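Working notes, structure below.
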Amino acid sequence: MDKRYSHSIESKWQDFWLKSNIYRFNKGNIGKKPLYVIDSPPPFTSGKLHMGHVLSYSYFDFAARYKRMRGFEVLYPQGWDAQGFPTEVKVEKKYGRLKPDEFRKKCVEWSWEMIKRMKEGMIKLGFSPDWSLEYITMLPEYHKLVQESIIEMYEKGYIYRDKHPVLWCPRCKSAIAKAETEEKEEETELYYFNFFVDDKPLTIASTRPELLHACVAVLVHPEDERYSEIIGKKAKTPFGKEVPIIDENEVDKEFGTGAVMLCTYGDKMDVVWQKRHNLPVIQALDERGRVINSPFYDGLNYKEARKKVVEFLEEKGLLVKKDRIKHVVKVHDRCKHEVELLPSMEWFARVRENSDKIKEMAKEIKWVPEFGIHYLIDWLEHIDWDWVISRDRIFGTPIPFYVCECGHYEPVKKEELPFYPEKAKPRKCPKCGKEMKPENKVFDVWVDSSITPLVVSGWKKDEELFKHAYPTTLRPQGVEIVRTWAFYTIFRSGVALTGKKPWDTILLNGNVLAPDGRKMSKSLGNVIDPMELIKEYPVDAIRQWAAMSGAMAKDRPFSYEDIRFAKQFLNKYWNAFRFVEKFMKENSNEFNFNELRTVDRWIITRTSQVIEEITNAMENYDYRKAITTFHHFFWYELCDYYLEYVKWRVYSEGIERDKAIYTLKKVLYALNKLFAPIAPHITEEIYHSIFGAPEGKSIHLTKWPEPFEKDEAIVEDLKVANEIMRRIREYKARNRMPMNAEIEKAILYTNRDLKDVVEDIKRTGKIKELIVKHGELNIEFL
RNA sequence: GGGCCCGUAGUCGAGUUGGCUAAGACGCCACCCUUACAAGGUGGAGAUCCCAGGUUCGAAUCCUGGCGGGCCCACCA
């Protein structure tokens with residue numbers, strides 16, 4: 001063995017694993033071995049792995065490696081979530097504006113490069129997916145599955161097309177996503193003006209009087225005494241239009257006058273309320289932000305229109321007062337123009353009316369930790385409208401539909417998939433006979449990623465595999481995307497497409513914060529790059545850090561203390577094996593448990609207990625427990641005591657030596673396997689260099705250890721013996737003696753029968769004469 | 001405003017079906033090169049378990065109410 005454990009050892013095994021393909025999923029084992037299917041997260045192809053990836057991916061890599069050793073056939077794919085807005089931004093920055101198909105080509109190119117980088121990082125971190133099972137959401141085969149899944153959902157009645165308000169930038173003349181908006185606080189006027197109910201004035205307050213023409217209702221709180229008798233009546237707007245007065249719980253009684261005019265659309269609450277109360281929509285602005293459908297101010301922008309309307313109200317004597325208030329407006333992040341809500345034709349999936357089914361299915365899944373399900377249930381109970389699955393983007397999966405100006409729409413034939421609008425065959429509308437248009441929009445990226453459990457288990461591709469591999473076993477993911485990834489997956493893969501839960505278990509991890517407890521962010525300059533970390537710490541130390549961070553869906557600061565400790569542990573581990581190396585290579589006799597010395601039976605018993613504890617922890621995804629149990633046992637029992645007890649024997653000759661070597665082999669061989677899922681490199685190295693594994697064999701394909709014989713009474717005896725050893729060391733330390741200094745004579749008092757352990761104590765402590773007397777535990781040095 | 005999580009040495013944290021002297025790590029102090037390991041060993045100092053009540057023979061743990069922190073969602077027309 002080398003004197004030190006090094007990076008070159010780790011990369012040597014990474015190469016070996018890749019070349020020997022040991023993680024390949026073997027379909028031939030279906031029916032022979034139980035399956036363990038991981039619906040592993042496809043990372044967004046940003047090109048950079050971050051500490052969150054390291055944490056989360058380490059968890060299910062532990063699971064994969066452990067389950068393989070438990071005799072499961074593990075299906076562990078690696079996907080890539082390649083499509084989406086951030087890529088478009090990067091590509092546009094680099095190449096400027098291009099034609100859609102050229103632009104898409106550049107996006108694909110760029111994504112391949114990012115995938116390459118991330119894949120290298122994953123290999124360096126020792127992850128063990130089957131790389132032949134890679135899937136990439138931007139590829140035609142993946143598009144086909146997404147499109148097929150949506151057409152199937154359409155046929156089952158889950159998908160529809162309708163007018164829906166979207167965030168719109170009037171300056172860029174484009175729909176934008178919520179993520180592309182910024183908030184800006186500004187001062188504005190709050191106008192108070194009168195509507196009339198039965199000729200009595202009703203004052204309402206609004207910051208946007210220019211939308212008055214698109215007012216479709218007045219809302220008041222049901223428990224507001226000021227308005228209790230007018231609920232259900234009609235209110236007349238200053239333009240003479242009659243609108244209903246409706247009670248609505250979410251109206252704030254304290255703001256303004258407590259009466260809200262609902263316009264389509266002033267802000268997001270207008271959208272919610274309009275849908276909730278089934279009100280008509282009057283489009284107030286066109287795509288350039290100019291007023292339409294108004295009595296006398298069409299064509300003006302909102303500022304000019306506002307002035308006109310306020311003048312009108314003043315002239316009519318309807319303006320009561322105005323206040324200056326501060327409020328927040330959304331602006332487009334790139335042009336800083338104020339964002340409007342405009343109705344637009346979009347595609348929808350019916351999540352609202354299926355929320356109970358989604359909830360029921362979520363309850364069939366095991367959530368680790370259990371409270372994780374609250375995030376989903378809470379979300380389900382507050383869904384305001386259906387999922388808008390369409391986007392006006394380019395780098396996305398095309399929506400496989402034809403639409404006609406008469407309003408009719410129908411899906412592409414399944415044999416024509418994957419569908420791309422620029423290559424679409426012409427089609428006549430069966431309703432009006434006109435030429436239909438292929439839809440140009442693309443899907444929201446969550447549409448892509450919400451069928452991953454289907455994709456990995458062979459849906460529509462390999463019926464035999466699918467039958468066995470779905471539902472999948474494990475979905476690992478971050479807690480912050482329960483409301484998106486988990487929710488959409490349960491809805492699509494589960495409720496809508498198969499009727500079966502997508503996974504048995506969902507394992508949630510939290511985020512990695514910076515060591516200072518704040519979020520890692522470029523602007524704070526506290527980002528830790530795993531690829532930098534890897535230069536300073538062995539991968540097996542980084543993976544121990546991940547295990548120590550705990551599987552809870554809880555944010556946790558990154559800890560240099562933990563990772564340093566992990567590195568030191570590897571050093572301790574390495575040196576312990578260097579100590580036993582020469583003995584391990586000797587042929588030794590076999591012994592029965594009862595023939596062994598007490599200390600041998602003790603360490604075997606303790607190892608058995610540790611095997612049970614760690615197995616149990618691994619089963620429950622409690623990696624923190626598994627790793628800390630291992631650390632403590634290995635360092636503070638095995639190294640601190642057993643390896644010391646055994647020295648006098650291994651450096652002499654005879655049967656007691658053979659027993660020690662037999663025990664060391666048995667115990668260390670098992671322990672090295674226990675450590676293998678978390679520290680795959682060092683354990684592989686030791687498996688080969690110490691235990692003489694055959695060429696081409698891997699520890700990761702060996703059997704997980706079973707507990708050995710146990711004699712639990714001995715554990716108590718050794719607690720006494722270890723305490724005596726501790727006191728001997730203390731005595732030597734206090735007297736400034738080296739640990740190997742000899743002691744002439746000592747008297748050991750104990751109530752237990754320590755049998756042959758007395759000899760081990762005497763030899764290990766280098767006491768020439770040790771007298772044992774009955775009495776309270778103590779040792780006197782003479 | 002709603003929901004969830006959390007509060008234990010200087011720091012990070014285990015322990016929370018109520019029951020030994022409240023683990024362990026990092027850091028700190030003192031000592032020790034000892035044929036695996038100074039990236040080690042031995043010893044030591046350091047905690048009103050956020051606060052206040054309650055239940056109990058007994059509370060870090062259970063209940064109630066505060067205070068403090070974090071996350072997610074919503075948000076003023």
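Quick caveat: nothing in here was measured; it's all calculated off a predicted structure. Reminder, nothing fancy here: chain letters follow the sequence lines and each chain counts from 1.
- Distance from the side chain of A:Arg729 is smallest to B:U42 among B:C4, B:C31, B:U42.
- For A:Trp379, the side-chain atoms get nearest to B:C73 when compared with the rest of B:G40, B:C26, B:C73.
- In this structure, the CZ atom of A:Arg556 is 17 Å from the C1' atom of B:G69, given to the nearest Å.
- Among the atoms of the strands shown, none is found under 4.0 Å from any heavy atom of A:Cys263.
- In this structure, the nucleotide among B:U42, B:A36, B:A14 sitting nearest to the side chain of A:Glu730 is B:U42.
- Comparing B:U42, B:A39, B:C75 by their closest approach to the side chain of A:Met269 singles out B:C75.
- Among the nucleotides B:U34, B:A36, B:A77, the one closest to the side chain of A:Asn740 is B:U34.
- In this structure, A:Thr207 reaches the sugar-phosphate backbone alone: every heavy-atom distance under 4.0 Å involves primed, P, OP1 or OP2 atoms, never a base.
- If you check every strand for non-hydrogen atoms under 4.0 Å, A:Glu644 touches a base.
- Counting non-hydrogen atoms under 4.0 angstrom, A:Ile204 reaches nothing in the nucleic acid.
- Relative to the side chain of A:Arg564, the nucleotides B:C37, B:A77, B:C26 differ in distance, and B:C26 lies closest.
- Applying the 4.0 Å criterion to OP1 and OP2 of B:A77, one finds that A:His327 has a side-chain N or O inside that range.
- Of all nucleotides listed (B:A77, B:A39, B:A36), B:A39 comes nearest to the side chain of A:Lys567.
- Among the nucleotides B:G24, B:A77, B:A36, the one closest to the side chain of A:His632 is B:G24.
- Side-chain rings of A:Phe565 and A:Trp635 approach one another, their centers coming within less than 6.0 Å.
- Put simply, A:Gln568 has a side-chain N or O that comes within less than 4.0 Å of OP1 or OP2 on B:C26.
- Geometrically, A:Arg729 engages A:Tyr641 in a cation-pi contact, judged by NZ or CZ lying under 6.0 Å from the ring centre and within 45° of the ring axis.
- An OP1 or OP2 oxygen of B:A77 is reached within less than 4.0 angstrom by no side-chain nitrogen or oxygen of A:Lys268.
- In this structure, CD of A:Glu723 is placed 19 Å from P of B:C20, rounded to the nearest angstrom.
- Cation-pi geometry between A:Arg475 and A:Trp485 is met: under 6.0 angstrom from the ring centre, within 45 degrees of the axis.
- A donor and an acceptor atom, one from each side chain of A:Glu637 and A:Tyr642, are nowhere located under 3.5 Å apart.
- Among the nucleotides B:C5, B:U42, B:A36, the one closest to the side chain of A:Phe371 is B:C5.
- If you check every strand for non-hydrogen atoms under 4.0 Å, A:Trp635 touches sugar and phosphate atoms only.
- For A:Lys625, the NZ atom is loosely surrounded, since the number of other residues' heavy atoms within 6.0 Å does not exceed 12.
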